[in-house]
Amino acid sequence: LPLIAELMEQGGLTSLIVSGWEKHGTPQTTAQRARILEPIARDLLVRRGQTTVSFWPIPVELATQADIDVSDPLNLLAKHNNLWKDFSKPFLSPLGQRLNKWQVGSSSQPQAFLARDLKNDLTAARVGIRLYAPSPQLVAPWRLDQPNRDGDLNPSDSYAVAWPQGIVPDRLADALADWPTPPERVRLDIELADAIDMVHERRIADLMLRVLYAWESDAASISINKPWTNAHERHTAITPDPALGVWINLTKQLEGQRVIGRMPLQPGLQSMILDGEQGGMLVVWNEKADADPTELSLYLGALPTLVDPFGNTTPLNTYDGKQTITVGQTPTIIRGIDPRLAMFRAGFVVDEPFVQSLQVAHRRVLKVHNPWPRTLNGFFTFTGPKGWTIQPQRKHISIAPGDTAEVPIAMRFPIHENGGYKALTADFVFTVGEDYDVTLTTPIELGLEGVSFDAAVIAEPGKTPGTIDAIVTLTITNTAEGRQSLNVFAGLAGHARREMIIPGIAAGEFVSRRIRFKDVGDQIGKFPLRCGVRESNGPAVLNKTIDLLPPRKANDPPPSITEVPTE
């Protein structure tokens with residue numbers, strides 16, 4: 001406890017939730033504890049911070065006297081204060097005139113949700129605390145996966161909500177959507193993943209994502225519980241968890257900032273655009289847990305700086321008008337970006353990004369938003385996807401401040417184009433009081449509506465000695481609402497094209513077919529295998545191209561199936 005003041009000062013932290021009691025405490029030890037807490041609370045108040053005192057854990061001696069469970073302080077406080085005042089007065093009396101937030105339990109073991117008469121219990125607790133604290137605001141411990149009981153809380157009361165590991169970061173908005181309580185009355189208590197259960201890098205990424213999603217959701221505050229571990233060597237000591245350094249750095253980076261939008265990037269990559277007192281900021285990460293780091297090149301501003309999870313900074317060099325960053329699972333922070341340019345990128349979208357794999361002109365509406373306070377004048381030229389024809393290829397635009405231009409376009413793709421995600425790319429040259437020459441992209445998907453298709457190929461020794469065969473496995477899931485019949489096909493240079501009909505695939509059904517090509521040794525490493533699926537009663541065709549790799553030897557690692565790049 002005496003180290004808390006130094007930890008708060010060195011970390012630049014100004015909000016503290018601290019227990020007023022100890023498990024084996026007595027009225028005398030509670031008074032000693034209060035003498036340590038009082039200067040901490042006073043210092044935080046001077047720094048415009050906040051201290052919340054928790055009635056947790058209930059001292060065993062008090063729980064025995066009151067004949068209540070040690071994990072249910074709300075039940076204790078709802079009883080007459082004569083029962084608990086000897087244990088609470090030692091900290092309520094010196095702190096009550098200075099503090100106004102009092103937490104009735106711990107979010108790690110919340111009992112408020114289970115109270116039969118929560119409203120009256122909170123009222124009774126407030127009456128008892130008010131004898132020492134004039135305007136007590138109660139904090140009710142809760143869990144994010146428990147339905148709230150907002151009607152039982154006073155308008156001045158709030159929630160301390162434990163955010164369990166079972167609710168992943170990108171599901172936070174859905175979890176909070178069930179709460180009628182405004183987010184500013186919710187403190188999210190992040191449950192750190194245990195170092196035994198999760199590797200260090202993943203723990204750091206998980207913590208950063210939870211903070212970022214909570215920040216985007218406008219939670220009143222975010223907390224972590226005891227970011228240190230006990231070390232037992234010659235004497236007992238505490239060892240800071242590396243998560244504490246990440247926590248301190250990230251809170252400093254986010255101070256005074258707000259999330260103003262998302263930037264569309266390539267599939268698997270997510271981003272948040274922030275702006276505020278510290279200027280423009282971009283945070284990017286790869287949401288695919290098993291994905292390798294990805295290189296991302298784009299112009300972010302004149303002098304952007306990369307910040308790692310622990311606060312180390314690296315200036316980003318500019319080559320050919322772009323900066324390149326490596327994006328992995330751990331969020332990467334880029335400071336010093338041009339926030340309006342980032343919002344300009346975010347406002348470059350098509351009304352319907354899915355493109356049916358059908359050889360017709362696909363008509364869409366391209367939206368271009370002007371986030372600057374001046375009129376945007378210039379033109380753009382489509383440069384991708386490679387091989388696609390997009391009309392008009394060049395378009396002059398003039399967009400008033402804050403407005404969005406809608407440009408009708410028609411897209412055609414090459415007949416043998418592979419399905420999957422593509423980048424609709426355009427070079428923009430424009431002026432908004434300052435001249436810009438940037439490349440913008442937005443993801444689109446070429447696919448077959450109602451069909452999920454995948455393919456893999458392996459090479460293995462053929463039945464004829466000295467030959468190698470290729471076996472391609474084609475898998476289809478019918479994602480449409482009704483039955484449908486489809487054809488799958490595969491072709492390899494020097495071999496006849498093979499095709500199979502799969503009739504009457506039920507909605508949601510998964511089917512798989514295998515096709516063997518014999519004696520393919522001359523094609524390995526030279527020609528890709530082409531396969532796909534098409535409508536039995538229509539012209540839509542979805543293509544896929546896969547490299548044909550040599551057969552695996554007994555001691556080789558498992559094969560890696562890689563697709564030929566389509567861009």
Side-chain angles (χ1 to χ4, degrees), residues 4 13 15-23 37 50-59 63 68-78 99-115 118-119 121-122 125-126 129 136-150 152-154 156-169 171-176 178-194 197 203 206-207 209-211 213-215 217-228 241 243-244 247 251:
I4 291 293
L13 303 172
S15 183
L16 174 68
I17 304 101
V18 62
S19 300
W21 284 329
E22 294 175 286
K23 183 177 181 181
L37 290 178
Q50 180 175 269
T51 302
T52 300
V53 176
S54 171
F55 290 87
W56 178 270
I58 301 177
I68 61 168
D69 191 285
V70 294
S71 64
D72 195 0
L74 179 58
N75 184 22
L76 171 68
L77 297 172
L99 306 181
N100 55 14
K101 282 192 175 292
W102 307 90
Q103 186 167 314
V104 288
S106 169
S107 61
S108 62
Q109 297 185 42
Q111 296 291 325
F113 170 72
L114 303 175
L118 178 60
K119 187 173 183 177
D121 286 351
L122 289 172
R126 195 187 325 275
I129 296 172
Q137 298 175 10
L138 302 188
V139 182
W142 223 264
R143 281 180 61 91
L144 195 55
D145 50 8
Q146 291 176 336
N148 77 87
R149 295 169 60 176
D150 195 49
D152 292 332
L153 268 68
N154 274 12
S156 62
D157 294 341
S158 58
Y159 290 97
V161 182
W163 183 359
Q165 278 288 309
I167 300 178
V168 294
R171 304 302 298 177
L172 176 63
D174 294 335
L176 288 177
D178 296 332
W179 287 61
T181 300
E184 60 265 21
R185 291 176 61 200
V186 174
R187 189 189 80 222
L188 288 172
D189 293 349
I190 295 174
E191 293 186 359
L192 286 172
D194 196 299
D197 301 326
R203 289 180 74 233
D206 179 76
L207 173 60
L209 288 174
R210 289 179 187 274
V211 173
Y213 276 97
W215 203 266
S217 298
D218 291 328
S221 58
I222 317 161
S223 79
I224 53 174
N225 183 40
K226 293 184 180 179
W228 56 76
D241 190 316
L244 177 59
W247 173 264
T251 56

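What's counted below: heavy atoms across the whole structure, side chains too, no hydrogens, waters or symmetry copies. When a residue number appears, it is its place in the shown sequence, counting from 1.
- In terms of heavy-atom proximity, Ala140 sits nearest to Val104 at CA-CG2, 4.2 Å.
- How far CD1 of Ile17 is from CG of Asn225: 9.0 Å, rounded to the nearest 0.5 Å.
- A distance-only check finds no donor-acceptor pair linking the side chain of Trp56 to the backbone of Ser71 [under 3.5 Å].
- No donor-acceptor pair under 3.5 Å is formed between the side chain of Gln111 and the backbone N or O of Pro73.
- Taking CG from Asp69 and CG from Asn75, the interatomic distance works out to 9.0 Å, rounded to the nearest 0.5 Å.
- Here the side chains of Ile4 and Leu16 are in contact, with some heavy-atom distance below 4.5 Å.
- A distance-only check finds a donor-acceptor pair linking the side chain of Asp157 to the backbone of Asn154 [under 3.5 Å].
- Taking the side chain as every heavy atom from C-beta outward, Leu118 and Leu74 approach each other to under 4.5 Å.
- The heavy-atom pair separating Trp163 from Val168 by the smallest distance is CZ2-O, 4.3 Å.
- In this structure, the side chains of Val186 and Trp142 stay at 4.5 Å or more apart for every pair of heavy atoms.
- Paired with Tyr159 under the rule side-chain contact (heavy atoms from CB on, under 4.5 Å), one option of Leu188, Leu153, Leu144, Val139 passes, and it is Leu153.
- Counting only heavy atoms from C-beta outward, the side chains of Thr51 and Leu37 never approach each other to under 4.5 Å.
- Using a 4.5 Å heavy-atom cutoff, the side chains of Trp228 and Leu244 are not in contact.
- The two residues Leu122 and Leu138 come nearest to each other via the heavy atoms O-CD1, 3.4 Å.
- Looking at heavy atoms from C-beta onward, Pro57 lies out of side-chain contact with Ser106 at the 4.5 angstrom threshold.
- Put simply, the side chain of Arg210 never gets that close to the backbone of Leu192: no donor and acceptor are under 3.5 Å apart.
- Using cut-offs of 30° and 60° on the angle between ring planes, the pair Trp102 and Phe55 is tilted.
- Taking both residues in full, the closest heavy atoms of Asp121 and Ala115 are given as OD2-CB, 3.9 Å, listed atom of the first, atom of the second, then distance.
- For the pair Gln103 and Ala160, the tightest heavy-atom approach, listed with the atom from each and the gap, is OE1-CB, 3.8 Å.
- With Arg143 as reference, Pro110 is the one residue of Ser107, Ser108, Pro110 to meet the side-chain contact (heavy atoms from CB on, under 4.5 Å) rule.
- For the atom pair CD of Glu191 and CG of Asp206, the computed distance is 11.0 Å after rounding to the nearest 0.5 Å.
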Do any side-chain atoms of residues 217-224 form donor-acceptor pairs under 3.5 angstrom with protein atoms, and if so which ones, sequence neighbours left out?
{"from": "Ser217", "atom 1": "OG", "to": "Tyr213", "atom 2": "O", "distance (Å)": "3.0"}
{"from": "Ser223", "atom 1": "OG", "to": "Asp189", "atom 2": "OD1", "distance (Å)": "2.5"}

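- When all heavy atoms of Gln137 and Ser156 are compared, the closest pair comes out as CB-O, 3.7 Å.
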List the steps and the verdict of side chain to side chain contact (heavy atoms under 4.5 Å, CB included) for Asp241 and Arg203.
CA-CA 11 Å; Asp241 190 316; Arg203 289 180 74 233; 2.9 Å; yes

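- In this structure, the side chains of Lys101 and Ser158 come closer than 4.5 Å at one or more pairs of heavy atoms.
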